[in-house]
K.L.:
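Got a structure here, written out as structure tokens. Questions coming.
First the proteins, then the strands, lettered A, B, ... as listed; each starts at 1. Values reported hereafter were calculated over all heavy atoms of this structure, with side chains retained and with hydrogens, waters and symmetry mates removed. Just so we're clear, the structure is a prediction, and the values are computed from it rather than from any experiment.
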Protein chains: 2
Amino acid sequence: MSLPHAILTALLEKPSSGLELTRRFDRSIGYFWSATHQQIYRELGRLEAEGLIRALPAEQPARGQKKAYEVLPAGRTELARWTGAAQDPKPHRDALLLRLRAAAVVGTAGLEDDLRRHLELHERQLAEYREIEERDFPPGADGPQDRLRHLVLRAGIDLETFWIQWLGHALSEFAHLPDAGGTRRPGEPRA
Amino acid sequence: MSLPHAILTALLEKPSSGLELTRRFDRSIGYFWSATHQQIYRELGRLEAEGLIRALPAEQPARGQKKAYEVLPAGRTELARWTGAAQDPKPHRDALLLRLRAAAVVGTAGLEDDLRRHLELHERQLAEYREIEERDFPPGADGPQDRLRHLVLRAGIDLETFWIQWLGHALSEFAHLPDAGGTRRPGEPRA
DNA sequence: TTTTGCATGTAATGGGTTACATGATTTG
DNA sequence: CAAATCATGTAACCCATTACATGCAAAA
């Protein structure tokens with residue numbers, strides 16, 4: 001139940017319309033909390049109904065017109081409450097690790113190519129993060145807000161670095177693996 | 001859509017009943033693909049209906065009686081197909097990073113305690129992984145299956161290590177942070 | 001024989017995903 | 001003006017989560 005709070009954070013950083021929010025989720029917030037435009041519109045409606053945000057008084061709120069929202073005091077209070085409240089980490093879900101475990105039973109056919117593809121994706125993501133770091137966190141800026149935001153970006157950078165290392169390690173293991181050999185059950189024919 | 005494949009993998013490793021599967025998910029597979037017993041029972045029903053698994057011919061399949069399942073050839077084929085098929089990584093969702101970003105806007109009150117709590121949880125998890133590593137992967141065993149499974153466990157260990165490092169870094173930043181200072185908006189009173 | 005724990009489920013709710021719908025604005 | 005694009009939505013489906021229900025077995 002964090003999407004509403006992600007939206008509140010984004011709106012506090014800058015009042016926006018639904019599509020602007022969607023863009024910003026694609027660019028920055030979505031790196032650790034993704035959302036589609038449908039989720040965002042639905043959630044904006046709820047947050048407005050609960051009195052946590054309001055539509056900025058604009059020209060004519062017709063369909064197809066931009067409608068920007070801003071956070072009300074009640075919304076800021078709720079976000080502060082949520083931020084400071086104790087929350088248990090959600091259990092992970094990683095399909096790639098699952099597939100590796102499955103490969104130990106049914107064989108590794110096809111997996112290596114996808115590992116390589118994932119490696120490329122993570123390298124691309126890491127490059128993107130590094131660009132953001134250079135652009136948004138030059139050596140000078142180190143106010144408290146900057147430090148917190150930099151910390152978040154650092155987590156992203158280090159996570160991508162971890163995956164790149166791990167995938168490299170995994171691929172080198174694959175290179176030494178007998179041809180799907182260990183995946184036979186004892187007594188099963190060799191192909 | 002990986003739960004059915006997680007179950008197929010578990011059943012190939014060892015035919016089991018619903019509750020046995022639930023236990024094994026809690027202990028080992030759940031470390032990277034969690035599932036509740038309700039999910040598992042529902043999925044067992046579907047997999048059986050699709051002809052990928054079957055209930056082992058047991059005594060009387062009455063309610064409250066154990067019912068063990070085994071994987072049929074079609075199930076093994078489907079698991080091998082899925083394991084080798086290209087799949088895009090799902091976008092991450094990390095509430096803790098989201099809260100840090102929110103804290104940059106509404107203040108850090110309460111967050112530090114929860115970071116410490118998370119640090120403890122990750123340290124406990126890491127210790128558990130290390131025990132498993134010592135028990136299940138002694139220096140001798142290095143068949144292909146062992147290597148693949150060890151690789152998966154290594155990912156878990158390194159991920160926990162990463163979070164412990166990052167949380168330590170974050171907490172040291174908090175120590176240097178002015179008292180929720182950077183979280184004021186310009187012009188707002190200092191509290 | 002009531003209670004506790006084991007084992008398998010059902011039902012309700014809510015979030016996430018995908019596909020589609022509709023009005024407005026820009027561009028060829 | 002026709003087509004593409006922008007912007008805001010609706011609807012349906014699936015999965016996950018939570019709470020509850022039922023039957024059986026062993027222990028107190």
K.L.:
Taking only N and O in the side chain of B/Arg93, is any of them less than 4.0 Å away from OP1 or OP2 of C/dG15?
P.N.:
no
K.L.:
Working note: B/Arg130 + B/Glu134, criterion salt bridge (charged side-chain N to carboxylate O under 4.0 Å, His left out); need CA distance, chi angles, decisive distance, verdict.
P.N.:
CA-CA 6 Å; B/Arg130 289 212 189 281; B/Glu134 280 187 31; over 6 Å; no
K.L.:
Does anything in residues 13-29 of chain B come within less than 4.0 Å of DNA chain C? Heavy atoms only, and list the residues if so.
P.N.:
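B/Ser17, B/Gly18, B/Leu19, B/Arg23 - these, ordered by number, are the residues of the stretch whose heavy atoms sit under 4.0 Å from the strand.
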K.L.:
Take A/Asp136 and A/Arg149 through the salt bridge (charged side-chain N to carboxylate O under 4.0 Å, His left out) test and state the conclusion after the steps.
P.N.:
CA-CA 10 Å; A/Asp136 293 356; A/Arg149 286 200 266 256; over 6 Å; no
K.L.:
How long is the line joining CD1 of B/Ile7 and P of C/dT8, in whole Å?
P.N.:
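It works out to 13 Å between those atoms.
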K.L.:
A/Tyr41 versus A/Leu19: any side-chain heavy-atom pair under 4.5 Å?
P.N.:
yes
K.L.:
Which atom pair, heavy atoms only, marks the closest approach of A/Phe25 to A/Ala10?
P.N.:
CE1-CB, 4.4 Å
K.L.:
Does A/Asp88 pair with B/Arg117 as a salt bridge, N-O distance under 4.0 Å?
P.N.:
yes
K.L.:
Within a strict 4.5 Å, meaning less than it, do heavy atoms of the A/Arg99 and A/Leu96 side chains meet?
P.N.:
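The answer is yes; the side chains approach within 4.5 Å.
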K.L.:
For B/Leu56 and C/dT8, give me the distance from atom CG to atom C1', rounded to whole Å.
P.N.:
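Computing the B/Leu56:CG to C/dT8:C1' distance gives 17 Å.
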K.L.:
Check DNA chain C against residues 31-42 of chain A and give the residues with a non-hydrogen atom under 4.0 Å, in numerical order.
P.N.:
A/Gln38, A/Gln39, A/Arg42
K.L.:
Is the ring pair B/Tyr129/B/Tyr31 parallel, tilted or perpendicular, if the boundaries are 30 and 60 degrees?
P.N.:
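Correct class here is perpendicular.
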K.L.:
Just how far, in rounded Å, is P of C/dT22 from NZ of A/Lys67?
P.N.:
18 Å
K.L.:
Report, one line per pair, each donor and acceptor closer than 3.5 Å where one atom sits in a side chain of residues 160-167 of chain A; sequence neighbours left out.
P.N.:
unit_1: A/Glu160; atom_1: OE1; unit_2: A/His122; atom_2: ND1; d: 2.6
unit_1: A/Thr161; atom_1: OG1; unit_2: A/Ile157; atom_2: O; d: 2.8
unit_1: A/Trp166; atom_1: NE1; unit_2: B/Leu151; atom_2: O; d: 3.1

K.L.:
For the pair made of NZ in A/Lys90 and C1' in C/dG14, what is the distance, rounded to whole Å?
P.N.:
11 Å
